[in-house]
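Right, one structure below, let's go through it.
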2 protein chains.
Amino acid sequence: MQAYDQRFQEVLDCAESLFARQGFHATSMRDIARAACMSVAGLYYYLPSKQAALSFVCERIFDRLESGSAAGAAVGAPRDRLAAFVRGHLGYLLTNNLSYRVLLHDMQALDGESSQGARARRRRYFHSLVDLLAELEPRERHRSRMAAGALFGMLNWAPTWYRQDRDGDVEALAARLTELFLSGFYSDALLARATA
Amino acid sequence: MQAYDQRFQEVLDCAESLFARQGFHATSMRDIARAACMSVAGLYYYLPSKQAALSFVCERIFDRLESGSAAGAAVGAPRDRLAAFVRGHLGYLLTNNLSYRVLLHDMQALDGESSQGARARRRRYFHSLVDLLAELEPRERHRSRMAAGALFGMLNWAPTWYRQDRDGDVEALAARLTELFLSGFYSDALLARATA
DNA sequence: CGTTCTATCGAACGCTCATTCGATTCGAAT
DNA sequence: ATTCGAATCGAATGAGCGTTCGATAGAACG
């Protein structure tokens, strides 16, 4: 039973890597089977369907993402918690190869109730940041929502231009972006209060 | 010959819409033919291949994107030009249904020299913003590059959370995000100069 | 009127896809 | 020693894929 679980995780590793590199629709069950060194029929012993493979992979990525960022941002002053969130989120995006792509590009290929679950989970993750920002600057909720969208955008886009050799290590980049965002966030709030 | 061009653009409209909604790999030539109300063989009178369809669609999107944002940001004070760029870019993303997705998700499916051309074009577009930011705060080029990445992230992510009824019209959102970004950009530069 | 060209089509080709079936191996339990 | 279940496989199934071929209708032109 423990051997089963290990093999199962290996299969998911292969699927995740392929989905991330080629996209869900461009990856065949034969690709996954080949990567996992087993026959196509053997693959179906672990995965009931291709959709299920995507669903499992998404769940696992959410788990890792949350344990890295949401968990690290649980205690302390709001500002430190935001910094921890950014560090965790960005750390996951930039140090797990391309697996973030599965959430960002392929999650939409989910259908049925799997998609409901994943979408709910993404909403929850998004709102954990909205709440954090509302604590930092408790004004209209609308502003927090927009700011969270802006911040997530900054972070999620980073993998497209980040390169270790030019942009320094991930910790430094996280600190930079946190600074950039917070300065704008506070100035903006100040400005809005002045003109209100 | 003018009738041909019009039909050709209609075909590209259909392809673009389908690629945007379902993704390139999940869209078949039969889907495109059905949407364009013609037979599959008839479709090949206008499109030499599915790859070419994607390539044409990408080119067209780049054209529209550049004429909207880069062109509007050609003259005036650097700050106004940045505001115009943001307005143009965001305007395209939020008012052309989902067609931005083709660039953001499906462009990677291009192969051969089409991909070279599209990638070069994207780089050029990216650097037009880097240059604009370097004009605003002419310090190390590295800082401009990072800031451009952050700003593009904020903008490109907007379609995932923006909803007209909650977040106001596009102009207002563009002004908001420009403000948010610029405040952070200037404070950050100030801070960097103070600690340097 | 005959020819040529444009735009279109039905039908097929060869291939790959996700999925399933029946059989097999092999270690563990009875 | 026999049984059993877990893990694996080769081969097939039916559907859909991108692409091509040969034909056709009609407009344009000599």
Side-chain angles (χ1 to χ4, degrees), chain A residues 1-58 102 105-115, chain B residues 1-58 102 105-115:
Chain A
M1 199 40 144
Q2 152 209 2
Y4 174 91
D5 274 347
Q6 183 177 332
R7 195 83 176 96
F8 178 64
Q9 295 297 328
E10 283 171 18
V11 167
L12 289 191
D13 287 341
C14 296
E16 178 176 307
S17 167
L18 285 164
F19 290 163
R21 292 203 313 263
Q22 316 177 340
F24 175 72
H25 288 294
T27 301
S28 68
M29 292 300 265
R30 283 163 177 79
D31 291 336
I32 302 174
R34 199 176 311 118
C37 297
M38 64 192 331
S39 69
V40 190
L43 188 60
Y44 275 83
Y45 183 71
Y46 294 95
L47 300 175
S49 72
K50 196 185 171 188
Q51 276 280 329
L54 178 57
S55 181
F56 287 144
V57 167
C58 285
V102 181
H105 298 352
D106 294 325
M107 214 189 84
Q108 74 167 110
L110 279 174
D111 60 359
E113 68 181 67
S114 315
S115 83
Chain B
M1 200 41 143
Q2 152 208 2
Y4 175 90
D5 274 347
Q6 183 177 333
R7 196 84 176 94
F8 178 64
Q9 295 297 327
E10 283 172 18
V11 167
L12 289 192
D13 287 342
C14 297
E16 177 176 308
S17 167
L18 285 164
F19 289 163
R21 292 205 313 265
Q22 317 177 341
F24 175 72
H25 288 293
T27 301
S28 68
M29 292 301 265
R30 283 162 177 82
D31 290 336
I32 301 174
R34 199 177 310 118
C37 296
M38 63 191 336
S39 69
V40 191
L43 187 60
Y44 275 83
Y45 183 71
Y46 294 94
L47 299 175
S49 71
K50 195 186 172 187
Q51 277 281 328
L54 178 57
S55 182
F56 287 145
V57 166
C58 284
V102 181
H105 297 351
D106 294 325
M107 214 189 83
Q108 74 166 112
L110 279 173
D111 59 0
E113 67 182 66
S114 315
S115 81

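What you see is a predicted model; the values in this text were computed from it and never measured. So you know, we letter chains A, B, ... as the sequences are listed, proteins then strands, and number each from 1.
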Below 4.5 Å, heavy atoms only, C-beta onward: do A/M38 and A/Y46 meet side chain to side chain?
yes
Shortest non-hydrogen separation from A/I32 to A/C14 and the atoms involved:
O-CB, 4.4 Å
Scanning both residues in full, the closest heavy-atom pair of A/V102 with A/C58 reads CG1-SG, 4.1 Å
Would the distance check show the side chain of A/Q108 and the main-chain N or O of A/S115 forming a donor-acceptor pair, the cut-off being under 3.5 Å?
no
Positions of residues 25-46 of chain B (non-hydrogen atom under 4.0 Å from DNA chain D), listed by number
B/T27, B/S28, B/M29, B/R30, B/V40, B/A41, B/Y44
Please report the distance, rounded to the nearest Å, between CD in B/Q2 and P in C/dT6.
16 Å
Flag the pair A/F24 / B/H25 as yes when at least one side-chain heavy-atom distance between them is below 4.5 Å, and no otherwise.
no
Check the distance between C/dT20's P and A/K50's NZ and give it to me in whole angstrom.
15 Å
I need the minimum non-hydrogen distance between B/R30 and B/V40, along with the two atoms involved.
CG-CG2, 3.8 Å
Atom-pair distance (CG on B/L47; P on C/dA7), nearest Å
14 Å
Closest heavy-atom pair, B/R21 versus B/S17, reported as atoms and distance to 0.1 Å, is NH1-OG, 2.7 Å
Return the orientation label for the A/H105 and B/H105 ring planes: parallel under 30°, perpendicular over 60°, tilted otherwise.
tilted
Distances under 3.5 Å between protein N/O atoms and the N/O atoms of nucleotides 27-29 of chain C, please, pair by pair.
none

